[in-house]
Amino acid sequence: DQQVKQNSPSLSVQEGRISILNCDYTNSMFDYFLWYKKYPAEGPTFLISISSIKDKNEDGRFTVFLNKSAKHLSLHIVPSQPGDSAVYFCAASLSTGNQFYFGTGTSLTVIP
Amino acid sequence: DTGVSQNPRHKITKRGQNVTFRCDPISEHNRLYWYRQTLGQGPEFLTYFQNEAQLEKSRLLSDRFSAERPKGSFSTLEIQRTEQGDSAMYLCASSQRTGKNYGYTFGSGTRLTVV
C-alpha cells in the first residue's frame with residue numbers, strides 16, 4: 001500500500017520557468033517530509049525538508065510547501081535550470097519511526 | 001569524507017546463488033539503512049542499524065535476507081538462494097541524526113540482476 005504518491009511520472013519545463021512537483025500522502029501521522037533528487041547511476045541526494053509544524057521551507061531556488069489538511073506537499077524550483085533535470089522523490093517519516101516512505105518519483109526535464 | 005560507498009556496483013548472478021553486498025557509510029554516521037528500489041518505484045525500506053544493533057526490519061526482508069554491521073562501521077547485506085524477483089537496486093544510506101533537519105546520504109547502489 002503506497003502511503004506516499006507522486007501521480008505525475010514526468011514533467012517538462014522551459015529553462016527559467018517554474019517547476020512544480022507534487023506529492024500526496026495518506027498517513028496523517030507523518031511529521032517530516034523530504035525531497036530527494038536522483039541522477040541516473042547515482043543514489044538519491046537530499047534536497048530539502050520540512051517539518052509538519054511548518055507550511056513552507058525555502059532554500060535558494062527550492063521551496064517546499066506543506067498543506068497538512070490536504071495531505072499534500074509540493075516542491076517549487078524557480079528558476080528552473082537544465083541541471084535540475086533528474087528524478088525527484090518525495091519521502092515522509094513518522095516521529096516514532098526510522099524509515100522513510102518514498103513516492104514513485106517524478107522525472108523532471110528542463111528544456112534549454 | 002568520501003560519502004557512502006557501495007560495492008560492487010553491479011552484480012549478475014544465477015538463480016539460487018548467494019550474493020553479498022557491502023556498504024561503507026560516512027565515518028561519523030552511526031545510523032545505517034538498506035533500501036531496495038525496483039524499476040518505476042521509489043526506494044523501499046529494508047532494515048536499519050544504529051551502531052552495530054539492527055533495530056528495525058521490514059517485512060520485505062524475508063528469511064533469505066540477512067544484514068550485519070559487526071563493528072558499527074561497514075555493513076553487509078546477504079541474499080541467499082536468489083530469485084528473479086530479487087533483481088533490483090540495493091541502496092545503502094547513512095545519517096547522523098542531529099535535530100530535525102536531517103536527511104540520509106545515499107550511496108550509488110548495487111544493481112543486482114538474477115538470471
Side-chain angles (χ1 to χ4, degrees), chain A residues 1-10 21 23-25 27 30-54 56-59 62 64 66 75 86-107, chain B residues 2-10 21 23-26 29-51 53-61 88-111:
Chain A
D1 112 27
Q2 193 75 25
Q3 298 190 61
V4 178
K5 300 177 184 178
Q6 294 176 256
N7 292 318
S8 298
S10 62
L21 296 95
C23 179
D24 298 291
Y25 60 95
N27 191 337
F30 286 144
D31 77 332
Y32 199 73
F33 305 88
L34 302 89
W35 284 93
Y36 279 85
K37 175 179 176 179
K38 186 181 184 303
Y39 293 116
E42 295 183 12
T45 303
F46 170 70
L47 193 57
I48 191 169
S49 63
I50 188 167
S51 165
S52 60
I53 62 173
K54 295 186 174 182
K56 176 182 174 181
N57 188 27
E58 192 171 353
D59 183 2
F62 302 92
V64 56
L66 176 62
L75 175 68
V87 178
Y88 289 79
F89 292 97
C90 68
S93 73
L94 302 165
S95 61
T96 55
N98 295 294
Q99 64 170 289
F100 283 106
Y101 298 84
F102 283 82
T104 53
T106 296
S107 179
Chain B
T2 56
V4 178
S5 176
Q6 291 190 246
N7 288 288
R9 290 295 304 273
H10 303 276
F21 312 138
C23 171
D24 288 272
I26 293 172
H29 286 184
N30 62 346
R31 296 170 182 238
L32 186 146
Y33 311 81
W34 285 98
Y35 279 74
R36 180 178 73 182
Q37 185 177 13
T38 53
L39 197 61
Q41 300 297 313
E44 296 174 293
F45 172 79
L46 292 178
T47 191
Y48 155 66
F49 290 85
Q50 184 164 331
N51 300 310
Q54 187 174 21
L55 298 184
E56 194 169 340
K57 294 199 294 186
S58 162
R59 58 182 170 78
L60 293 176
L61 213 67
M89 175 74 82
Y90 289 84
L91 293 163
C92 176
S94 68
S95 74
Q96 178 88 348
R97 186 169 174 169
T98 54
K100 286 294 274 185
N101 188 23
Y102 71 97
Y104 298 161
T105 300
F106 278 95
S108 297
T110 294
R111 181 168 295 284

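Residue numbers begin at 1 in each chain, while the letters A, B, ... track the order of the sequences. Predicted model, so just to flag it, every value in this text is computed and none were measured.
For B:Arg111, no part lies under 4.5 angstrom from a heavy atom of chain A. When heavy atoms are compared at a cutoff of 4.5 Å, A:Gln2 approaches chain B solely by way of its side chain, counted from C-beta outward. Contact of B:Glu56 with chain A is made through the side chain alone, with heavy-atom distances under 4.5 Å. Contact of B:Gln37 with chain A is made through the side chain alone, with heavy-atom distances under 4.5 Å.
Separation of atoms OG1 (B:Thr47) and CD (A:Gln99) is listed at 10.0 Å; rounding is to 0.5 Å. Atoms OH and CZ, from A:Tyr101 and B:Phe45 in turn, are 8.5 Å apart once rounded to the nearest 0.5 Å.
Among A:Ala41, A:Pro9, A:Gly105, the residue making the largest number of heavy-atom pairs under 4.5 Å with chain B is A:Ala41.
The aromatic rings of B:Tyr104 and A:Phe100 stand perpendicular to each other, their planes meeting at an angle above 60°, with 30° marking the opposite boundary.
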